[in-house]
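First comes the structure, then the notes that go with it.
Heavy atoms only: backbone and side chains are in, while hydrogens, waters and symmetry mates are out.
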Protein chains: 2
Amino acid sequence: MQVRFASALDQILELSVLLNDDMARDLERRGLTRSRVHVLWLVHHHGPMTQRALADAINVSARNVTGLVDGLAHTGFITREPHPSDRRATLVTLTDRGTATALNLEREHGQFARMLFGDMPGHQFDGFTTGLDHVLTALRKATASI
Amino acid sequence: MQVRFASALDQILELSVLLNDDMARDLERRGLTRSRVHVLWLVHHHGPMTQRALADAINVSARNVTGLVDGLAHTGFITREPHPSDRRATLVTLTDRGTATALNLEREHGQFARMLFGDMPGHQFDGFTTGLDHVLTALRKATASI
DNA sequence: TATTGTTATACTCTATAACTATA
DNA sequence: TATAGTTATAGAGTATAACAATA
């Protein structure tokens with residue numbers, strides 16, 4: 001059983017690498033990276049946010065957010081707008097292009113999921129997600145206790 | 001169903017992030033990174049290798065391997081040995097510490113897998129790995145065709 | 001001529017620390 | 001005094017291009 005456990009973990013890791021590489025390749029075509037998309041995603045879902053809020057959400061330093069926002073602003077996905085009541089802060093806001101890109105990513109995310117699971121028998125898909133839930137719960141617990 | 005597919009993909013991605021963060025934290029304690037461990041791992045399993053072979057195995061530039069090997073050599077996990085028949089090449093070789101570390105990582109990999117799957121009912125584990133196989137196959141096919 | 005690995009240069013993500021402008 | 005974001009500095013991973021030594 002030990003071996004089967006280790007193999008399953010290896011498979012998850014391979015899956016993780018393949019997914020990561022595949023997404024990175026896709027994003028690169030549009031001049032994006034995973035980290036920058038994370039910002040795009042958050043602003044798309046929460047609306048205009050301060051850099052501080054972004055840093056807390058991504059769990060990254062304020063300095064890092066400055067760099068990510070610089071990159072996204074420079075490539076036209078977002079703008080920095082003044083905060084209406086706090087002159088220290090800026091509101092990271094999506095441009096039209098940023099919004100369109102976020103919507104596209106959302107759509108492609110769904111297409112990608114269909115490609116992965118679409119031809120899987122229903123009971124198999126259910127079994128997979130049940131196991132996935134279990135693993136995720138175990139891992140969340142282990143991670144939280146650190 | 002669309003939504004269930006997308007949620008399952010989200011779960012896989014969350015799993016991927018948690019695993020990655022957890023491993024990175026662990027490795028950092030020993031002065032290692034994912035990329036460097038990849039090198040350590042390959043040399044541990046294949047025996048002494050040229051940097052060219054490492055670059056091909058990791059799918060990374062020769063320049064990048066120089067940096068990774070520099071780091072691992074500097075921290076005492078590997079040494080560069082002369083190639084017996086090709087004076088252009090070097091053989092990346094594990095030190096005792098490098099070998100001991102690789103063996104430890106291997107052991108902890110098994111422990112980690114047991115933590116993730118150990119308390120999962122047998123049939124559930126089977127269902128999970130079956131689905132995982134399916135997803136991995138679909139993804140490998142999609143990735144290969146690029 | 002082709003290959004191995006290095007130096008030179010550059011970009012991205014990440015961090016801490018010091019500093020400015022505001023709260 | 002505390003907070004938001006910047007500049008300064010640094011390390012890691014990644015890339016291409018030019019180059020030296022060797023095949």
Give the minimum heavy-atom separation between M120(B) and F125(B), together with the two atoms involved.
-> SD-CA, 3.5 Å

In terms of heavy-atom contacts, L132(A) and F128(B) come closest through N-CD1, 3.6 Å

May I ask you to evaluate whether [X] reaches the phosphate of [N], defined as a side-chain N or O under 4.0 Å from OP1 or OP2?
X: T33(B); N: dA12(D); value: no
X: T90(A); N: dA4(D); value: no
X: R36(B); N: dG13(D); value: yes
X: R80(B); N: dT6(C); value: yes
X: N64(A); N: dC13(C); value: no
X: S35(A); N: dT14(C); value: yes
X: T66(B); N: dT6(C); value: yes

If you take atom types as modelled and just measure distance, does the side chain of R52(B) reach the base of dT4(C) with a donor-acceptor pair under 3.5 Å?
-> no

Between the base of dT22(D) and the side chain of R87(B), is there any donor-acceptor pair under 3.5 Å?
-> no

Criterion side-chain contact (heavy atoms from CB on, under 4.5 Å) against L72(A), the qualifying member of T79(A), V39(A), V43(A) = V39(A)

Whole angstrom value for the distance that separates [atom2] of [N] from [atom1] of [X]:
X: L68(B); N: dA15(D); atom1: CG; atom2: C1'; result: 13 Å
X: I58(A); N: dT14(C); atom1: CD1; atom2: C1'; result: 12 Å
X: N59(A); N: dA15(C); atom1: CG; atom2: P; result: 8 Å
X: H83(B); N: dT4(C); atom1: NE2; atom2: P; result: 10 Å
X: L72(B); N: dG13(D); atom1: CG; atom2: P; result: 8 Å
X: L91(A); N: dT22(C); atom1: CG; atom2: P; result: 16 Å
X: N20(B); N: dG13(D); atom1: CG; atom2: C1'; result: 13 Å
X: M49(B); N: dT4(C); atom1: CE; atom2: C1'; result: 15 Å

Is there a donor-acceptor pair closer than 3.5 Å between any side-chain N or O of S35(A) and the backbone N or O of T33(A)?
-> no

Side-chain contact check for R63(B): nearest option of dT22(C), dT7(D), dA8(C) is dA8(C)

Using a heavy-atom cut-off of under 4.0 Å over every strand shown, decide if V60(A) touches base, sugar-phosphate, or nothing.
-> sugar-phosphate

A53(B) vs D86(A), nearer the 5' end of DNA chain C by closest nucleotide = A53(B)

Closest-nucleotide 5' rank along DNA chain C - winner of V65(B) and A62(A) = V65(B)

Inspect the contact between R80(A) and D70(A) and indicate whether a charged nitrogen and a carboxylate oxygen are less than 4.0 angstrom apart.
-> yes

Apply side-chain contact (heavy atoms from CB on, under 4.5 Å) to the pair L105(A) and H44(A), showing each step before the final yes or no.
-> CA-CA 11 Å; L105(A) 290 174; H44(A) 178 60; over 6 Å; no

